[in-house]
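First the structure, in the form of structure tokens, and then the observations on it.
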Amino acid sequence: MTSMSRARVARRIAAGAAYGGGGIGLAGAATVGLLLAEMQLARRRVGIGTPDRVPNAQGVYGDAPPTAGEPPLRLMMLGDSTAAGQGVHRAGQTPGALLASGLAAVAERPVELGSVAVPGACSDDLDRQVALVLADPGLTPDICVIMIGANDVTHRMPATRSVRHLSGAVRRLRTAGAEVVVGTCPDLGSIERVRQPLRWLARRTSRQLAAAQTIGAVEQGGRTVSLGDLLGPEFAENPRELFGPDNYHPSAEGYATAAMAVLPSVCAALGLWPDEEERPDALRREGFLPVARAAAEAVAEAGTEVAAAMPSGPRGPWALLKRRRRRRVSETEPAASAQPG
């Protein structure tokens, strides 16, 4: 699918989500039966794993003392098992802990990490998660990171419904005063051991959803980061983890890769990234595009950020597309070990 056709599909899904449509699915009706049949074969061939305990990474990160009268930054994780960190053994290996450590180092300020993410969650669980996050108006997070979408694909949730729930979550969080960064649906077609046509369908539907998620989130004042095939090597090594209802478990290295792709956008949302990094670089094909076009471009390259840029014009809302450099964990020194709560 070309970038332009992907943009048209994503815009149609996002419009359906905004205006109440519910019939646009992640795969056409003619392919649903084939997709289900292939998933059944894949389950039998690779097996189904068992859920692991999710490490409790909540707590305060960073060793810089708070400035007088200035509390720690509050970072909240929402979404599915990718946001929760299911599958690793230590709290410090979860994406929340990695993001909190990196943010504390950049901000030179402690970061308080919380999480309401649930393994196995689809986008319709975001309503409940946001209610938990905003239960105490005095504890609104400074920044929320949402990672969601893979289970929507495997559970065949209509894309319009999926995007509607995500857009509503971003809107509620932004209205409350929190910045929001969304890690969009990963490319599930990265699973090399699963045969065609399931792999092709998984790639097509997950990219369609990721592009539509980008439009929905950006139009509500959030920004998105394409996870794309960042987790591909982990899926290729552990294909059974895609197919269990709660078993979406990247390795520690996979989580680190995803977290370090998201960290620059988290810092930028809080005004902590260097000014020179915020200017679009034409040599890296960065710049201002209609949001649907930017969304389609972003899903083709993991680690690409899309953020609202200017008011709507004749071609709809515009966005800034940034191909931020992905930094390895060793390049972002953790401020300190956490004090899990």
*Would you give the length of the straight line joining atom OG1 of Thr214 to atom CG of Leu209, rounded to the nearest 0.5 angstrom?*
9.0 Å
_CG-CZ distance between Leu78 and Arg128, expressed to the nearest 0.5 angstrom_ = 9.5 Å
Side-chain donor-acceptor distances from residues 259-266 under 3.5 Å, at least two apart:
from: Ser265; atom 1: OG; to: Glu305; atom 2: OE1; distance (Å): 2.5

_Distance-minimising heavy-atom pair for Ala302 and Gly228_ = CB-CA, 4.2 Å
*Backbone of Thr304 reached by a side-chain donor or acceptor of Glu297 within 3.5 Å*: no
*Heavy atoms only: give me the nearest Leu75-Gly96 pair and the separation to one decimal.*
CD2-O, 4.1 Å
*Spell out, as yes or no, whether a donor-acceptor pair under 3.5 Å connects the side chain of Arg171 to the backbone of Gly221.*
no
_Pairwise distance NE2(His165) to CG(Asp152) - rounded to 0.5 angstrom_ = 9.0 Å
*Side-chain heavy atoms under 4.5 angstrom apart, residues restricted to Ile, Leu, Val, Met, Phe, Trp, Tyr: same cluster for Leu139 and Leu132?*
no
*Do the side chain of Gln58 and the main chain of Ser115 share a donor and acceptor less than 3.5 angstrom apart?*
yes
*Are the side chain of Ser167 and the backbone of Arg164 linked by a donor-acceptor contact shorter than 3.5 Å?*
no
*Nearest 0.5 Å, what's the OG-CE distance between Ser81 and Met147?*
11.0 Å
*Treating Ile, Leu, Val, Met, Phe, Trp and Tyr as nodes and any side-chain heavy-atom pair under 4.5 angstrom as an edge, say whether Val163 and Val180 lie in one connected cluster.*
no
*Measure across Thr82 and Tyr255 and return the closest heavy-atom pair with its distance rounded to 0.1 Å.*
O-CE2, 3.4 Å
*Could you state whether Ile146 and Val291 fall into the same hydrophobic cluster, counting links through intermediate Ile, Leu, Val, Met, Phe, Trp or Tyr residues with side-chain heavy atoms under 4.5 angstrom apart?*
no
*After noting the C-alpha distance and the side-chain angles of Leu103 and Leu270, does the key distance pass the side chain to side chain contact (heavy atoms under 4.5 Å, CB included) rule?*
CA-CA 10 Å; Leu103 178 58; Leu270 293 171; 3.9 Å; yes
*Write out all pairs satisfying side-chain hydrogen bond (donor to acceptor under 3.5 Å, both in side chains) with one or both partners inside residues 129-147, taking only residues at least two apart or from two chains.*
Asp125-Gln129
*Would you check if the side chain of Gln213 reaches a backbone N or O of Cys185 as a donor-acceptor pair within less than 3.5 Å?*
yes
*To the nearest 0.5 Å, what is the distance between CE (Met77) and CD1 (Ile143)?*
10.5 Å
_Partner residues of Glu286 under the side-chain contact (heavy atoms from CB on, under 4.5 Å) criterion, sequence neighbours left out_ = Pro280, Asp281, Arg284, Lys322, Arg323
*Taking all non-hydrogen atoms of both residues, which atom of Ala319 and which atom of Ala294 are closest, and how far apart?*
CB-CB, 4.2 Å
*Does Leu98 belong to the same Ile/Leu/Val/Met/Phe/Trp/Tyr cluster as Leu272, with side-chain heavy atoms less than 4.5 Å apart forming each link?*
yes
*In Å and rounded to the nearest 0.5 Å, what is the CD1 to OG1 distance from Ile215 to Thr184?*
11.5 Å
*Which atom pair, heavy atoms only, marks the closest approach of Ala121 to Asn151?*
O-ND2, 2.9 Å
*Tell me whether Leu166 is reachable from Leu134 by hopping between hydrophobic residues (I, L, V, M, F, W, Y) whose side-chain heavy atoms are closer than 4.5 Å.*
yes
*Do you know the tightest heavy-atom contact between Gly149 and Asp80?*
N-OD2, 3.8 Å
